[in-house]
Amino acid sequence: MSVQIPFVDLKTQYKTIKSGIDNAIQQVIEETAFVRGKHVDAFEKAFAEAYGVKHCISVANGTDAIYITLKMIGIGQGDEVITVANSWISTSETIGQTGARPVFIDINQYYNIDVSQIERKITSKTKAILPVHLYGQPAKIDTIKQICDSNKLHLIEDCAQGHFAEYKGQKVGTLGIAGTFSFYPGKNLGAYGDAGAIITNDDELAVKIRMYANHGAKVKHQHDIEGVNSRMDGLQAAILSVKLPHIHDWNRMRYEHAKQYNELFKNVAEVVVPEIGPDVSHIFHLYVIRTKKRDELQKFLKQQGVETAIHYPTALPFLRAYEYLGHTPADFPVAYQFQGEILSLPMYPELTEGMIQYVVDKTKEFFSSK
Ligand SMILES: Cc1ncc(COP(=O)(O)O)c(C=O)c1O
């Protein structure tokens, strides 16, 4: 049988926690606790405790988590929010949804926001900075926080790819006014459908977020404002509660896999492996290499049964959605160069040493034939 290595393998993980998951699903169905309810409350409590924060507000997905947070801290028409050029579009589309304008910053060698370029982009309209801990590696959040403090800007962390990653020993998502999370199935902590959450220590913001996500009502039928319908399902919450106790082991396994990949790629000159920055614990949501022959390598690996992906083939400022900002490659030279070279290799806790060896061997085979 030919070798097949998927990019993500949620089935194998399910098998390792099957009885817990099956029982949780059964219980939700028997209790018909489908939307909000005790399983959602229990997950919110457990997630807040795991982060050591006062509030966790669950929402329908990670995109809503950002949008609702921006909206409830008062971002709107005429404002600017500084964010990073390489991310999933949720990071910037939510800024646009509030009526504000995304102001992009180029990335550094860690694929995160280049903090040395932030201050010169601050204007009288800037209201917040929204960094992303991309691929599971924390952005240089202490510097970003200093910039926010000295310019009176809000700091919101997009932690969709950074569950329990740390910067100088502090969990990312706890450094600004709020941290936003996605529990999309393929995330390090993933539900079996869409789900998201916001964490914060700000009591007032927590109340507003909860209200806005619930049609603008703090109390049933008393709608103080128009809000949105963004709720976590009971099934997703129950599943996430079963998975939460495993997250540190799973993150550790991902890290070990990344170390093995890096070690095996050591003498492969054509491949640039991910660099781990100082002061961070990287949780390797994605393992991203760079190579000048990215498209050819991806095709070759596919023929060899190895599924890969690209995060992201077009950096945000160069998407058609942002044509109105009039950017050129010279505005974001690093993001522009990297978008043509990055390749995400299979990465999940259940990968085996043999699978990693196979991916690397096939990559070497590709380059030796060149
Ligand atoms: C960096 C980043 N931000 C936000 C999101 C949005 O999360 P969701 O897909 O749950 O809406 C994602 C998910 O892909 C993401 O990777």
Side-chain angles (χ1 to χ4, degrees), residues 7-8 10 40 43 47 56-71 81-98 102 104-105 107 110-113 128-139 141 144 155-165 172-173 176 178-199 209 213 228-233 235-237 239-240 243 251 254 282-288 309-317 319 321-322 335 338-339 342 344 347-348:
F7 180 65
V8 172
L10 300 175
V40 175
F43 175 70
F47 199 69
C56 166
I57 305 106
S58 59
V59 289
N61 54 65
T63 309
D64 282 2
I66 306 171
Y67 168 67
I68 293 169
T69 304
L70 290 171
K71 187 96 182 155
V81 176
I82 290 177
T83 193
V84 61
N86 186 29
S87 184
W88 174 239
I89 192 164
S90 301
T91 310
S92 51
E93 72 182 349
T94 48
I95 297 170
Q97 282 160 10
T98 67
F104 295 111
I105 306 277
I107 55 172
Y110 308 112
Y111 306 101
N112 272 323
I113 190 166
I129 303 181
L130 175 55
V132 181
H133 305 296
L134 201 74
Y135 306 158
Q137 167 138 259
I141 201 74
I144 300 171
L155 169 57
I156 302 140
E157 297 174 75
D158 181 346
C159 305
Q161 302 190 9
H163 306 86
F164 296 95
V172 299
T180 66
F181 292 83
S182 164
F183 303 117
Y184 182 78
K187 296 292 194 265
N188 287 32
L189 181 62
Y192 286 0
D194 277 314
I198 299 126
I199 59 170
I209 288 173
V228 291
N229 174 10
S230 188
R231 301 180 289 219
M232 188 186 278
D233 293 348
L235 282 170
Q236 303 310 337
I239 287 162
L240 287 167
K243 292 179 94 178
N251 280 349
R254 286 172 179 270
H282 192 325
I283 52 114
F284 281 97
H285 171 57
L286 296 169
Y287 181 84
V288 179
I310 300 169
H311 300 88
Y312 296 92
T314 307
L316 296 172
L319 291 169
Y322 296 110
F338 287 2
Q339 72 180 19
I342 47 180
S344 308
M347 171 54 81
Y348 36 95

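Remember, it's 1-based here, ligands and their atoms both numbered in the order they're listed. Position 1 is the first residue of the sequence; numbering continues from there.
Note that OG1 of T180 is 11.5 Å distant from CD1 of I57, once rounded to the nearest 0.5 Å.
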Starting from the C-alpha separation in whole Å, work towards a yes-or-no answer on side chain to side chain donor-acceptor pair (under 3.5 Å) for D233 and Y192. CA-CA 10 Å; D233 293 348; Y192 286 0; over 6 Å; no
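For the residue pair M232 and L240, the shortest heavy atom distance occurs at CE-CD1, 3.9 Å.
Note on ring orientation: taking the six-membered ring where Trp is involved, the planes of W88 and Y312 are tilted (angle from 30° to 60°).
Between F181 and H163, the gap from one ring centroid to the other is short of 6.0 Å. Aromatic rings of Y111 and H285 (six-membered ring for Trp) have centroids beyond the 6.0 Å cut-off, not under it.
The residues lining ligand 1, counting any heavy atom closer than 4.0 Å, are N61, G62, T63, I66, S87, W88, S90, T91, V132, D158, A160, Q161, S182, K187, Y312.
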